[in-house]
**Student:** 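Can you keep this structure in mind? I'll have questions shortly.
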Amino acid sequence: GGLVDESSFAVLFPKYREKYLREAWPLITKTLKEHGIRCELNLVEGSMSVFTTRKTYDPYIIIKARDLIKLLSRSVPAPQALKVL
């Protein structure tokens with residue numbers, strides 16, 4: 001089976017990133033889902049979160065997913081940021 005404990009990380013993003021992230025989010029969601037990671041974009045809080053799921057097998061992928069959302073919050077374009085996975 002996958003990992004037992006759910007791990008999660010969240011990062012805040014600046015308001016000016018909101019529009020870009022909203023547009024890029026379907027790609028980010030799809031890519032993370034392939035790795036067994038669930039993600040959330042919270043426009044009210046201005047945060048992005050990543051969570052392990054029962055389908056997460058790689059114990060390091062959540063760390064990579066955390067790095068991904070950090071990059072996205074710092075204006076790195078999604079296709080480039082997704083290379084960390």
**Student:** Can you tell if the side chain of L32 reaches within under 4.5 Å of the side chain of L68, non-hydrogen atoms only?
**Tutor:** yes
**Student:** Could you list the donor-acceptor pairs under 3.5 angstrom formed by side chains in residues 22-29, with sequence neighbours left out?
**Tutor:**
{"unit_1": "R22", "atom_1": "NH1", "unit_2": "E18", "atom_2": "OE2", "d": "3.1"}
{"unit_1": "E23", "atom_1": "OE2", "unit_2": "K19", "atom_2": "NZ", "d": "2.6"}
{"unit_1": "W25", "atom_1": "NE1", "unit_2": "T29", "atom_2": "OG1", "d": "3.4"}
{"unit_1": "T29", "atom_1": "OG1", "unit_2": "W25", "atom_2": "O", "d": "2.8"}

**Student:** How long is the gap from CD1 on I37 to OG1 on T56, to the nearest 0.5 Å?
**Tutor:** 4.0 Å
**Student:** Quick check: closest heavy atoms across S73 and V11, and the distance to 0.1 Å?
**Tutor:**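 In terms of heavy atoms, the two residues are closest at CB-CG2, 4.3 Å.
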**Student:** As an exercise, state the distance from CG of D58 to OG1 of T52, rounded to the nearest 0.5 Å.
**Tutor:**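 These two atoms lie 11.5 Å from each other.
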**Student:** Return the minimal non-hydrogen interatomic distance between I69 and F9, and the atom names on each side.
**Tutor:** CD1-O, 3.8 Å
**Student:** Are L21 and L85 connected in the hydrophobic side-chain network, where two residues link if heavy atoms are under 4.5 Å apart?
**Tutor:** yes
**Student:** Can you name the residues that form a salt bridge (charged side-chain N to carboxylate O under 4.0 Å, His left out) with R66, not counting sequence neighbours?
**Tutor:**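 R66 satisfies salt bridge (charged side-chain N to carboxylate O under 4.0 Å, His left out) with no other residue.
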**Student:** At their closest point, which heavy atom of Y16 faces which heavy atom of S75, and how far apart are they?
**Tutor:** OH-OG, 3.5 Å
**Student:** To the nearest 0.5 Å, how far apart are CD1 in I63 and CD1 in I61?
**Tutor:** 10.0 Å
**Student:** Is the shortest side-chain heavy-atom distance between V84 and L71 below 4.5 Å?
**Tutor:**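 In short, these two side chains touch, coming nearer than 4.5 Å.
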**Student:** If the threshold is 4.0 Å, N to carboxylate O, is there a salt bridge linking R54 and E6?
**Tutor:** no
**Student:** Can you name the closest pair of heavy atoms from A78 and Y20 and give their distance?
**Tutor:**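 That would be N-OH, 2.8 Å.
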**Student:** Among residues at least two apart in sequence or on other chains, which ones pass side-chain hydrogen bond (donor to acceptor under 3.5 Å, both in side chains) with S47?
**Tutor:** E45
**Student:** To the nearest 0.5 Å, how far apart are OH in Y57 and NE2 in H35?
**Tutor:**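 Answer for the OH-NE2 pair, Y57 versus H35, is 15.0 Å.
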**Student:** For L72 versus V76, what's the shortest heavy-atom pair and its separation?
**Tutor:**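 Heavy-atom minimum between the residues: CD2-O, 3.8 Å.
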**Student:** Do you know the tightest heavy-atom contact between C39 and V50?
**Tutor:**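 Between these two residues, the closest heavy atoms are CB-CG1, 4.1 Å.
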**Student:** Could you see if M48 belongs to whatever hydrophobic cluster contains L43? Use Ile, Leu, Val, Met, Phe, Trp, Tyr and a side-chain cutoff under 4.5 Å.
**Tutor:** yes
